[in-house]
Structures are given as C-alpha cells and as structure tokens.
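Have a look at the structure below, then the notes.
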Number of protein chains: 2
Amino acid sequence: MAGESRSSAVTMADVAERAGVSRALVSIVFRGVVGASAENRERVMRAAAELGYSPDRRARLLGSSRSRTLGVVFGLHHEFHTELVERFYQGVERTEFDLALGATAPTRTERTAVQSLLEFRCEALLLVGPTMQRKDLDALASQVPVVVLARDLRAPSCDVVRTDDEHGARIAVEHLVGLGHRAVVHVDGRRAPGAAERRRGYRKAMESAGLSAQVRVIPGGLTEEDGERAAADVLSGRSRPTGVVAFNDHCAAGLLSAARQDGVAVPRSLSLVGYDDSRIAGLSSISLTTIAQDSRRLAGAALDLAVRRAGGWDEPPVDTVVPPRLVVRGTSATPERRR
Amino acid sequence: MAGESRSSAVTMADVAERAGVSRALVSIVFRGVVGASAENRERVMRAAAELGYSPDRRARLLGSSRSRTLGVVFGLHHEFHTELVERFYQGVERTEFDLALGATAPTRTERTAVQSLLEFRCEALLLVGPTMQRKDLDALASQVPVVVLARDLRAPSCDVVRTDDEHGARIAVEHLVGLGHRAVVHVDGRRAPGAAERRRGYRKAMESAGLSAQVRVIPGGLTEEDGERAAADVLSGRSRPTGVVAFNDHCAAGLLSAARQDGVAVPRSLSLVGYDDSRIAGLSSISLTTIAQDSRRLAGAALDLAVRRAGGWDEPPVDTVVPPRLVVRGTSATPERRR
DNA sequence: GATCGAGACTAGAGCGCTCTAGCCCTTGAA
DNA sequence: TTCAAGGGCTAGAGCGCTCTAGTCTCGATC
C-alpha cells in the first residue's frame, strides 16, 4: 500500500529492538522516570530518533489509568476566551497534564464540546463562560470535577473563578474622579451578566468619593448601537457629564463615535472608560481607556483548582475572585474647565 | 477513594453484563454497524444510559488501526482562523472523522501544536496559515498528509487551499468603477503575504476598465498606523482620488479615521474598500465595504482533501483557489460631482 | 431430509502503551 | 561469609476498545 512509506506505525517495540533493549525500558526512558542507565537512555533516544518514533498518546493514556488530560470548553470567537486558553497552555506546562480543547461556536453547542471531551476521559473540565443551564452544569459537576470561569454562580456545585466586576467599576470611577471629574455617569448593561455588579461598583465608588448627588445610571447595553442610543441621553440636557463609565468596550465605542459625530471632543470635553479591554479598545482610532480582566491570574487560579481536583482533592466548591486592572489609553483626561 | 462516586470507569463490559449480552455486541451497537437485532440494540442503549456509559475514545482509537481524527493547527487569536475552525466542525460532521485542535499563539509554537497532534495519530493535518519554514513543512508533509490553508506556496509538497487574492482586488476595483469612480488608488501591503497578488489584481482590473492612466499604488501596510500614514499620500495633492482599495481592513480603518479627521466625508467624498471582512469591518462606527474570503468553501475544500488523503488517495498535490466576494457596507458610494 | 445461507451473536486476539512483580548483579554492612 | 539493599532491567498482565473468525439458529431451497 502506498501509504506505508509514510511514518506508518513505528512502535515502542521497534525502538526496543533497534536499541537492543526491552520495551519496558523504552517506556521507562520515554516517561522520564528513574531506572535506566545513562548509556541505555542515550541508546534508546538515538534509536527513536532514527526511526522517527513518537509515543502514541492514545495508547499511553489507555495504559495508565489516568488520562492526564484537562478539558477546556471555550467560545471560539470570544477573544477573551481565546486569551484564557493561551494562558492555560502556558500554565499547563508546569504540570503533568495536557490540554484538550473543546470549542464552542454558533453552530457547535457546549453540549457537543463537553461530550467529546468526556470521551477523552479528561480528569477535569475548565468551562469558560459556560451558558448551559444550571441543572446541566450541576449534573456535569457530579460526573467530573468542573471549574467555571467568567460566570457568576450562586451556591455553586463546582469551583468558580471570576473577575470582581464591582471592583472593576469602582476603579474606573476612581480613575475619573482622580483626574478631577465630578459629574460621572454610568451607561449600564441592563440585565447582562455582570451588569448588576458593575452598577453597584459605580454607585459605591461615587458614594465613597462623596459624589452621591452625581450618581446617574443610564440604560445602555452590550453593543455599539446601545452605546449610540445612550449617547443621546448622555450628551443632551444642561447637565452634561464630563465622565462616562460604560458597561463594556463596544458600548463605549458606540458612545465615542456618536459623541465625536456631535462634535464633542474626547477626551477634552468628555472622558470615557470602557470595560473588558477587548481588541477594539486597542485600535488606534478608538484607543479606549478600559478595565482589563487579569487573564493570567484567572487562568492560573482555575488551572490550579482543576489540577487539585483531578488529584482527588475533595473540599467544598471554592469561589475565587480576581481583581481587574485599569488600562489607561486615550479617552480619559483631566476635564476641561467650563462656564 | 472519594473519586469513585464520580463516573469512575464504567466500561463496555459493565454495559454488556447489564444488558445480558457480550462485549462484542455492545461494540456493534455503539459503532452503529449492522449485526444486532433491534431488540438487543434497544437493550444495550438502555443499559448504557442507566450506567451513564460513554465509549472511551482512547481505547476506541487504539483498537481500530485508524484514528479517524483530523488535526487542525490554527491561530487562537486570528479571527479568520477561528472562523475556519468552526466551518471544519460543521463539515466534519458529514464524515466519519473527528477533529483535534492544536492551537497556536504567541506563546505556543506551531511546532508544539503539530507535535501534540501527531501524538494523537491524526490521519491528516489541516494547517491554517502556517508560518513554519518551507523545509519543515515539506518534512511534515512527508510524514502525514497535510493540507495548507491561506498560504500561497509554489511547487507545494502538499495540498493548498487558498483565496484568489488577485480576483479579490479585482472585484473591489470593479465595485468602485461600477459606482462611477475613475480615480481609484491602491494602498498596498508592501511585502505582506498576498500583497503582490492584490496589487496585480488592482492593476489588471484598472487596465480592463480602461483606466491604465489612473493606476497608482501607494505603499501601505497591515496596520491602522500604516493606513494613517498612507492617508497623507492619498489625501494630499491636487489629484485626490475618489476611491481607495486598501490592502486590508485595518489599513482601511486607519485611512478612514485619518480622512474623517481631515474633514473628508466618507463615502461622500471618498470611497473606501477594505479586505478580509474582519470583525472591525462590521463595527457600526466603521462599517467598511470589504472583500470577504469564502470561509465555507475554503474549509469545505480543505476538509474534502484531507479526508481523501487520509483514505489513501495518492495523487500529486492539488492547488485549490476559491474566489472571494464583495461585502458592501457604508464606505462606498457613487462619487460626488466635483469642479 | 439434507444443504445452504444469512443473520445474530460471541470468543478471543490484538492495538501500543503502562506498570507491577520479580530477576540478576553489585555493594556495603553485619 | 551472609544478607539486605538497591540499581538496572525484563516479562507479562492489563487498559477498554475493535475486529476477525468463528458458532448457532432458523428458514428457504433442492
């Protein structure tokens, strides 16, 4: 058969034969455990290289009772999810585990992704921003250790790692107040996940700054269109604010483009803070000051939990909250003096 | 051990016992092949459901000599790559194969990704926009069937599926000319992959339209900053063009923001066409007319090739070229009458 | 009534590893 | 000298499936 010339199946036995040792010894060498002389170790590696051998993952996993695999379910098109995945890859190198990716997309459900990861016998699952129903999540968590990221759950049946959204909104406000703003409004996310926390953070921060009288929450949303719509409320009226904390970057971008179209100079006449540090915030034509989630710590904490759970750690679910940080770009500045 | 209460290992043997049949029969049922009575099929499925059994992928793959797995190497942060991955998922359902993802990121090399997929004994590899050196690619292709997407190779050692960039630039020009533009310039991508083809497409289209005299290529680049820089060239001078075909969307976005800052109305005074249909093109504040790659056909063609190669198809490498299409948004319109 | 064939089912040998048990040898302490 | 300890190595039994080569049953055919 023509295909035979390709790698074909060079197995551990072939390597063993060529190196003149037993299969078991080859296994020892490839697992990197003690029990082989330096000489033989070298011999085996050479033989393997000559034959182009690489161990068969499937067999390897089957042989040991543990799969040493962590499953990650993430949204293929969510930039923040993919950022977390990258962090996972980085973090997992320090462990004895490997990662298996299960992507989610408009045409591929979480259910499908989870199913396929389960077939690989992952020892724990990392779910990034899962949208599945609560009862499905609970059911899953009873089958396999689960760590949920970026979704707030009350009374969780599994570990949760998330960003402190209240704190995020707070530091956004503090940034503006620190620059000298007093009239700072919040364009919120209505009922989106996280919206309530951000609203609360905004309110509390304003109160702490002695600006209770200035508190004003304007209904917004998640999209640019929502931001554009909210712009009407923000910009009209006598009491135009000098600072806006928006629910997220897209909303802020809509607001920004509407403001500029109205001839309002940003940041000279209006400062704007987004949320998420999504890619558009970094575009030079937008250059949005925003709140960034600490993907590194989020991923690190989640990975740590997953590994411990996989190792049999059996304590009640843990809720880990990571503070976000401010990223200052071009849409925030000292307010101009008016009147 | 505490972990035992979780799924633990329920195997085919457990299902067989519960259903009162042999393991082999359970296998037959789960593989969905003929050879089991309706009654027993039902019995087995019921037993499996009761036990919460799902077949072990690792063992399954090991048992059959073929892995029935296609590996995909893609850039985690490239939106176009992830779009292709989604298409792959869709397409692969119609086949007998499964997908294994190997993500690439700034901190994770293609080499690592390929290595891990190879350990899974993928029967073919789909490389999306691979950046590895030519000789590494050739070496890889000699080990396992490889299909390369979105990278132009001359005299390839493997199948290539790509977009017809020359054609893309051509239809961008034709769109503008069709709207009545005559002074159409091209802000190019210098030496970026695809830049030469797009330049050629622009030139040829202009010539076909009888506008050879208007041909003008301005050095650009891939980023917004490149676009902003090119804007100076485009907008200055007596002979300002009415239409611009940019190398890509980011370049076009930079151009757009610079033009607007200069008080040039888009699309009234200047029409702009980008390339790639990236996410920013769809942002309402940008709303860029652009050229979209046909991810569906690209993925379909690549998948088809991979499956055939995996099946032992052994013809010389195939080069598949897919035409892109125009996406009209808000940055292109009939030119205003001047003078 | 013997023969055949098809369908339903099973036994059991792999697949390529891991890992335990045990062998052989050398070394150092008793 | 004896024995324990331990390093280096191997045999061989799994791991949970797939798949070939059967066996058995039953009804149709000659």
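In what follows, chains carry the letters A, B, and so on, assigned in the order in which the sequence lines appear, proteins first and then strands, with residues in each chain numbered from 1.
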Does a nitrogen or oxygen in the side chain of Asn40(B) sit under 4.0 Å from OP1 or OP2 of dA8(C)?
no

Taking atom P of dC17(D) as reference, at what distance in whole Å does atom CZ of Arg68(B) sit?
18 Å

Pick from Arg31(B), Arg68(B), Arg66(B): which one makes a salt bridge (Lys or Arg N to Asp or Glu O under 4.0 Å) with Glu96(B)?
Arg68(B)

Are Arg111(B) and Asp136(B) ion-paired here, with the side-chain N under 4.0 Å from a carboxylate O?
no

Does the distance from a Lys or Arg side-chain N to an Asp or Glu carboxylate O, for Asp56(A) and Arg60(A), drop under 4.0 Å?
no

Under a plain distance cut-off of 3.5 Å, with no hydrogens placed, do His77(B) and Glu86(A) share a side-chain donor-acceptor pair?
yes

To the nearest angstrom, how far is Arg121(A) atom CZ from dC17(D) atom P?
6 Å

Could you check how far CG of Leu25(B) sits from C1' of dT23(D), rounded to whole Å?
14 Å

Do the two ring centres, one from Phe88(A) and one from Phe97(A), sit under 6.0 Å apart?
no

Strictly distance-based, threshold 3.5 Å: is any side-chain N or O of Glu123(A) a donor or acceptor partner for the main-chain N or O of Leu70(A)?
no

In B/S/- notation, 5' to 3', how is nucleotides 18-24 of chain C contacted by protein heavy atoms closer than 4.0 Å?
BB-----

If you compare every side-chain N and O of Thr11(A) against the phosphate oxygens of dG16(C) (OP1, OP2), does one of them come in below 4.0 Å?
no

Have a look at Val21(A) and say if it touches a base, only the backbone sugar-phosphate, or nothing, with a 4.0 Å heavy-atom cut-off.
sugar-phosphate

Between C1' on dC9(C) and CD on Glu39(B), what's the gap in Å once rounded to a whole number?
13 Å

Whole angstroms only, please: what is the CZ-C1' distance between Arg43(B) and dA8(C)?
13 Å

Round to the nearest Å and state the distance from Arg41(A) atom CZ to dG8(D) atom P.
9 Å

